[in-house]
Amino acid sequence: MNTAEKQLAILLEFGKVINRTKSLDDVLESMANFARDILQADRCSIFVYDKQKDELWSKVAHGTKPIRISTKQGVAGYAALSKETQIVVDAYNDYRFNREVDKATGYLTQTILSVPLLDNQENTIGVFQALNKKDEGIFTNIDAELLLLISNYAASAIENAILYDKLRDTQTKIINKLASAAEFKDQETSKHTKRVGLYSALLAEKYGMCRDDITKIELAAPMHDAGKIGIADKLLLKPGKLDEEEFEMMKTHAQLGHDLLFDDENEYLKTAALIALEHHEKWDGSGYPRGKKGEEISIYGRIVAIADVFDALISVRPYKDAWSFKKAHEHLNKSSGTHFDPVLITLFNENIEKIHAIYQELKD
Ligand code: C2E
Ligand code: SIN
Ligand code: SIN
Ligand code: SIN
Ligand code: FE
Ligand code: FE
C-alpha cells in the first residue's frame, strides 16, 4: 500500500471505532490514536477550551498526565485564539512555543502540528495537537488537512457531550425541585430526601449494582414521596394518628407519585416512578398499593423502602418524635423478612458505619 492508501485504510477503521465506542473520553482517545498513526506523530493531545478561565485542558494526552495550559502561551494557545492551524518545524527556535510544558512533562518537543476545534458557530472549543513527526520529519500541509478532517469528528463529539451534560443537568434540577416541592408540603428537610438518596446508593453499591444504576437510584430515590404533593395538608401535617379513612387517602401518594413522574423516554424518571410506586410495598406482601411480594418488588423499591423507613424513624414528623439511630437500626432488623428484604438488611448491618457517617454528615 502506498501512503495515501494506508491513510485511507486508517480513516475507514477510525469511522468504525467511533461508531462503536460510547463515552466521550473513549471517542477522543481513539481519535488521538488514529491521528497519531495517520500523521506518524510520536504523540497527540486533545485539549478542551475552558472559556471562563481562558485555559486549555488536555482531555487526552499520550504519555503524560492531564495538563492545563493558558491560551496566552504556547502553540496550542495560538491555535485556539487565532482559530488557525499552526505548524512548527523547530520548537526551541519558535516564538510560539512554550518551554514550560516540556519542563513539566519531561518531553523534548521538536515539531508541532496544532489545529483548532471549532463548533457550528466557529467558536473555539478546543485544540487537537500532534507532536514530533517520526523519523525527524516535519508536519506538512497534507498532515494539517488530515488532522482538520479528524478534528471535525472530535469537535462534534465534544459538542454533543456538552449538550448532553447540560440536558442531564436540567433534568437533575427539575427532579430535585419536584422532590423539594413534596418536602415543603410535608415540612421535611431536603436533608431527608438527600439522605434517602445516599443510603439507597450505598445499598445499591453493596448489592453489586452497576455504576449507572447506582447513580440512577441516588437521583431517583429522593422523589419517592413526590405524590404527597397531591395529599391534603390536613393529613400531612396532622399532629396525631391518622384514622383509617385518612390513611387510605395517604396511601394514594404512591400511585400519584408514579403517575406524576413516569416518562417513557427518560431512564431517571422511569426509575423514579417505579420507586414512588413501590416504596411502601413489603417483603411479605402486606404493603401497598399492589401488595407485591418478595422479588416481585423491584430491587429499587426494596432498597428505597429500607432507606425511607430508616430515615423517617430517625427524623421528627408532625406525628412523631425522632428515634435514636440505635432504635431505628433495631427496628429494621426486627422487620427483616416481614417488611424488608433480609439480604438487604444484612448489607445494611454490614455497612452500618458508612450509614452512620451519612447520618452524621447530614444531620437535621
Ligand atoms: P413518612 O412519615 O415518611 O413515613 C414513611 C414510613 O416510615 C411509614 O410508611 C412507616 O413505614 C415508617 N414509619 C414512620 N414513622 C414510624 C413509626 O413511628 N413507627 C413505625 N413502626 N414506622 C414508622 P407508612 O406507614 O406507609 O406512612 C406513609 C406516610 O403516611 C408517612 O410518611 C406519613 O407522611 C404518613 N403517616 C403515616 N402514619 C401517620 C400518622 O399516624 N399521622 C400522620 N399525620 N401521618 C402519618
Ligand atoms: C505548546 O503548545 O507550546 C506546547 C507544546 C507541547 O505540548 O510540548
Ligand atoms: C419527601 O421525600 O419529600 C418526604 C419525605 C418522606 O416522607 O419520606
Ligand atoms: C412503571 O413504572 O409502570 C414501570 C417502570 C419501569 O418498569 O421502568
Ligand atoms: Fe411514602
Ligand atoms: Fe419518605
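Both ligands and their constituent atoms are indexed starting at 1 by order of listing.
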Distance-only side-chain donor-acceptor flag, E278 / S298, under 3.5 Å
yes
Please identify which atoms of ligand 1 are closer than 4.0 Å to at least one heavy atom of D308.
5 (C)
Worked verdict on R43 versus T64 for side-chain contact (heavy atoms from CB on, under 4.5 Å)
CA-CA 10 Å; R43 293 181 170 184; T64 68; 3.3 Å; yes
For a side chain to side chain contact (heavy atoms under 4.5 Å, CB included) with F47, tell me which candidate from P116, P66, S58, S114 qualifies.
S58
Separation between CD of E295 and CG of D341, rounded to the nearest 0.5 Å
7.0 Å
Is the count of non-hydrogen atoms from other residues, nucleotides or ligands lying under 6.0 Å from K206 atom NZ greater than 12?
yes
So, are K103 and E100 salt-bridged, with charged N and O less than 4.0 Å apart?
yes
Does K251 have a non-hydrogen atom less than 4.0 Å from ligand 1?
no
For ligand 1, is there an atom lying under 4.0 Å from some heavy atom of G240?
yes
Taking a cutoff of less than 4.0 Å between a non-hydrogen atom of the residue and any ligand atom, is L235 in contact with ligand 1?
yes
Please identify which atoms of ligand 1 are closer than 4.0 Å to at least one heavy atom of Y288.
24 (P), 26 (O), 27 (O), 28 (C)
Is the closest basic N to carboxylate O distance between D54 and K72 below 4.0 Å?
yes
Selection from L242, L237, D243 by shortest heavy-atom distance to atom 46 (C) of ligand 1:
L242
E281/K292 salt bridge by N-O under 4.0 Å criterion
no
N/O/S of H279 less than 2.8 Å from the Fe ion (ligand 6)?
no
Of all N/O/S atoms in D308, which lies nearest to the Fe ion (ligand 6)?
OD1
Looking only at N, O or S atoms, find the one in D225 nearest to the Fe ion (ligand 5) and name it.
OD1
Considering W323, F310, F247 one by one, which has a heavy atom nearer to atom 37 (C) of ligand 1 than any of the others?
F247
May I ask you to list the atoms of ligand 1 that are less than 4.0 angstrom from any heavy atom of H331?
21 (N)
Short list, please: which atoms of ligand 1 are under 4.0 Å from a heavy atom of R317?
1 (P), 2 (O), 3 (O)
Element-labelled atoms of ligand 1 that are located less than 4.0 Å from some non-hydrogen atom of K320:
15 (N), 16 (C), 18 (O)
Can you check whether Y319 has an N/O within less than 3.5 Å of an N/O in ligand 1?
yes
Examine F325 together with F310 and report whether their ring centres are nearer than 6.0 Å.
yes
Would you call K228 a ligand 1 contact, heavy-atom distance under 4.0 Å?
yes
With a cut-off of 4.0 Å, which atoms of ligand 1 are near a heavy atom of M250?
29 (C), 30 (O), 34 (O), 35 (C)
Quick one: do the H253 and D225 side chains pair a donor with an acceptor below 3.5 Å?
yes
Would you say CG of D321 has more than 12 non-hydrogen atoms from neighbouring residues, nucleotides or ligands within 6.0 angstrom?
no
Can you tell me if an N/O/S atom from H224 lies under 2.8 Å from the Fe ion (ligand 5)?
no
Part of K238 within contact of ligand 1 (heavy atoms, under 4.0 Å):
both
